2 protein chains.
Amino acid sequence: MSLHLDPVLLFKCLADETRLVMSLLLQAEGELCVCELTCALDASQPKVSRHLAQLRHCGLLQDRRQGQWIFYRLHPQLPAWVNLLLQTTQQGNPDLLIASAARLAQMGERPERDAACC
Amino acid sequence: MSLHLDPVLLFKCLADETRLVMSLLLQAEGELCVCELTCALDASQPKVSRHLAQLRHCGLLQDRRQGQWIFYRLHPQLPAWVNLLLQTTQQGNPDLLIASAARLAQMGERPERDAACC
DNA sequence: TACGCATATAACAATATCCATATATAATAA
DNA sequence: TTATTATATATGGATATTGTTATATGCGTA
């Protein structure tokens, strides 16, 4: 059974560069903690945290705590059309992630993931 | 050769119920004039007109004048990912158009289209 | 020309969004 | 306990978005 996700709310979520890049980066990377996203996006921690909260509230993201860190990923029960929409956006705009993926790759001291909880 | 369409701008366009329904209705119906959209959406004429202008400015819609009427349609040179995204949204949310399509179907006195100009 | 219809735009108020700064909470380590 | 790190939230100001009302423009017709 998949989540319901109001399309207007979803588009509001994606209608901001920070949130769009975060969403696509999570789609590409699977799971990232707030500090990794902060580095990848080159943005302030409160800014990243607030946008993540918005994405979580609308149902696009799920979080889990692991020790000090909180890892975010796309919600595992996203409706199929939402996953397809994200893939389509990514494939039609491959340059959107270049800078943030590069910053993430260069980042040192990334926290280790425990065995995925589910 | 297809248009470039900034994804954040596109999502801003779709992040409003009036604009989202208009866009999907045009995808389903092909071409509609402002008065048809005004009826279908049950909205004021200036409201419809201003949202249409926004969709046109961002590149999602194209218009043509035919006598007194101005017909809008999806821009014929949309990038493939944009068309796919609209289709995906429509198929994942079939109820979005029910009310407006019904109002359109019940509308009397709809203007006749001349042979499509292009 | 004048009039009516279809559409676009302007002006304004109400509301929403965004960012930065400051502060709060939670986990871990000493 | 205290300190440190990671993350979340509150507050306030700047800016953007939205809808309504009023007005302008453009076409067709008398």
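From a predicted model like this one, the values you see are computed outputs, not experimental measurements.
Contact of the A:Ile70 side chain with the A:Leu52 side chain is not registered, since no non-hydrogen atoms from C-beta on lie closer than 4.5 Å.
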Under 3.5 Å, which donor-acceptor pairs link side chains of residues 11-26 of chain B to any protein atom two or more places apart or in another chain?
residue: B:Lys12; atom: NZ; partner: A:Ala15; partner atom: O; Å: 3.4
residue: B:Asp16; atom: OD1; partner: B:Thr18; partner atom: N; Å: 2.9
residue: B:Asp16; atom: OD1; partner: B:Arg19; partner atom: N; Å: 3.1
residue: B:Arg19; atom: NE; partner: B:Cys13; partner atom: O; Å: 2.8
residue: B:Arg19; atom: NH1; partner: B:His51; partner atom: ND1; Å: 3.0
residue: B:Arg19; atom: NH1; partner: B:Gln54; partner atom: OE1; Å: 3.0
residue: B:Arg19; atom: NH2; partner: B:Lys12; partner atom: O; Å: 3.0
residue: B:Ser23; atom: OG; partner: B:Arg19; partner atom: O; Å: 2.8

Side-chain donor-acceptor pairs of residues 89-101 of chain A under 3.5 Å, sequence neighbours excluded:
residue: A:Thr89; atom: OG1; partner: A:Leu85; partner atom: O; Å: 2.8
residue: A:Asn93; atom: ND2; partner: A:Thr89; partner atom: O; Å: 2.9
residue: A:Ser100; atom: OG; partner: A:Leu97; partner atom: O; Å: 3.3

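For B:Tyr72, a side-chain nitrogen or oxygen approaches OP1 or OP2 of C:dA8 to under 4.0 Å.
Panel note: side chain B:Arg113, backbone B:Pro111; a donor-acceptor pair is recorded below 3.5 Å. Of the possible donor and acceptor atoms, one in the side chain of B:Arg65 sits under 3.5 Å from a partner among the backbone N and O of B:Gly67. With hydrogens and angles disregarded, a donor-acceptor distance shorter than 3.5 Å links the side chain of A:Gln66 to the backbone of A:Glu112.
Taking CG of A:Leu5 as the start and SG of A:Cys58 as the end, the distance is 5.0 Å to the nearest 0.5 Å.
Stem analysis of DNA chain D (at least three stacked-register Watson-Crick or G-U pairs, each with both distances under 3.5 Å) gives C:1-30 with D:1-30.
For A:Phe71, the ring-ring contact (aromatic ring centres under 6.0 Å, His included) criterion is met by no residue, not counting sequence neighbours.
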Open item on the list: Assess the residue pair B:Arg64 and B:Glu31 against the criterion (salt bridge (charged side-chain N to carboxylate O under 4.0 Å, His left out)); give the C-alpha distance rounded to whole Å, side-chain angles, the decisive distance to 0.1 Å, and a yes or no.
Closed with: CA-CA 10 Å; B:Arg64 73 177 172 98; B:Glu31 201 180 43; 2.7 Å; yes
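Of the listed residues (A:Arg56, A:Glu36, A:Gln62), just one forms a side-chain contact (heavy atoms from CB on, under 4.5 Å) with A:Tyr72, and that residue is A:Arg56.
Reading DNA chain D from its 5' end, the first and the last nucleotide to sit under 4.0 Å from a heavy atom of chain A are D:dT5 to D:dT9.
Counting to the nearest Å, the C1' atom of C:dT7 and the CG atom of B:Leu37 are 12 Å from each other. In this structure, CD of B:Glu112 is placed 15 Å from P of C:dA6, rounded to the nearest angstrom.
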- [ ] Could you encode protein contacts along nucleotides 15-30 of chain C as a string, one character per nucleotide from 5' to 3', using B for base contact, S for sugar-phosphate-only contact and - for no contact, with a heavy-atom cut-off of under 4.0 Å?
- [x] --SSBSBB---SSS--
